[in-house]
Amino acid sequence: MFQNLNSVQKTSGDVHQQFSSYLKDALNEVNNAQVASNQITTKLVNNEGVELHDVLIAQQKASVAMSLTMEVRNKGVEAYQEIMRMQV
């Protein structure tokens, strides 16, 4: 039941690095969705054989990803502000 606890424990630096990496990856995915939406829209405008519904789906995916990112950011700012209001 109890494995080697030393191998499971992580330092705060490791956790910070892992969280930072996760955030960077998530932001890169949002950026990739925005870029893909722009590329497929350009293809539609240039009449390169792209269907309108594909463009709308890509735009909606990019929009939802950006909205989610903004909400996560807002919650992070709210949490930071709440912590700053705490009395020590």
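For the atom pair CG (Asp25) and OG (Ser20), the distance works out to 9.5 Å, reported to the nearest 0.5 Å. Note that CD1 of Ile83 and CZ of Arg85 are 10.5 Å apart. Values are rounded to the nearest 0.5 Å. Note that OG1 of Thr69 and CD of Glu29 are 9.5 Å apart. Values are rounded to the nearest 0.5 Å.
Checked by atom type, the side-chain pair Thr41/Asn38 shows no donor-acceptor distance below 3.5 Å.
The main-chain N or O of Ser63 is found under 3.5 Å from a side-chain atom of Ser67 such that the two form a donor-acceptor pair. Judged by distance alone, with hydrogens and angles left aside, the side-chain atoms of Asn31 form no donor-acceptor pair with the main-chain N or O of Leu27 at under 3.5 Å.
Think of Val15 as one node in a network of Ile, Leu, Val, Met, Phe, Trp and Tyr side chains linked at under 4.5 Å; it has no links at all. Counting side-chain heavy-atom gaps under 4.5 Å among Ile, Leu, Val, Met, Phe, Trp and Tyr, the cluster of Val50 also holds Ile40, Leu44, Leu52, Val55, Leu56.
Considering only heavy atoms from C-beta on, Asp54 comes within 4.5 Å of Glu51 through its side chain. Inter-residue side-chain proximity for Gln39 and Val35 is flagged as met; some heavy-atom pair is nearer than 4.5 Å. Counting heavy atoms from C-beta outward, His16 and Ser12 have side chains that stay 4.5 Å or more apart.
The shortest non-hydrogen separation linking Ala62 to Gln34 is O-NE2, 3.2 Å.
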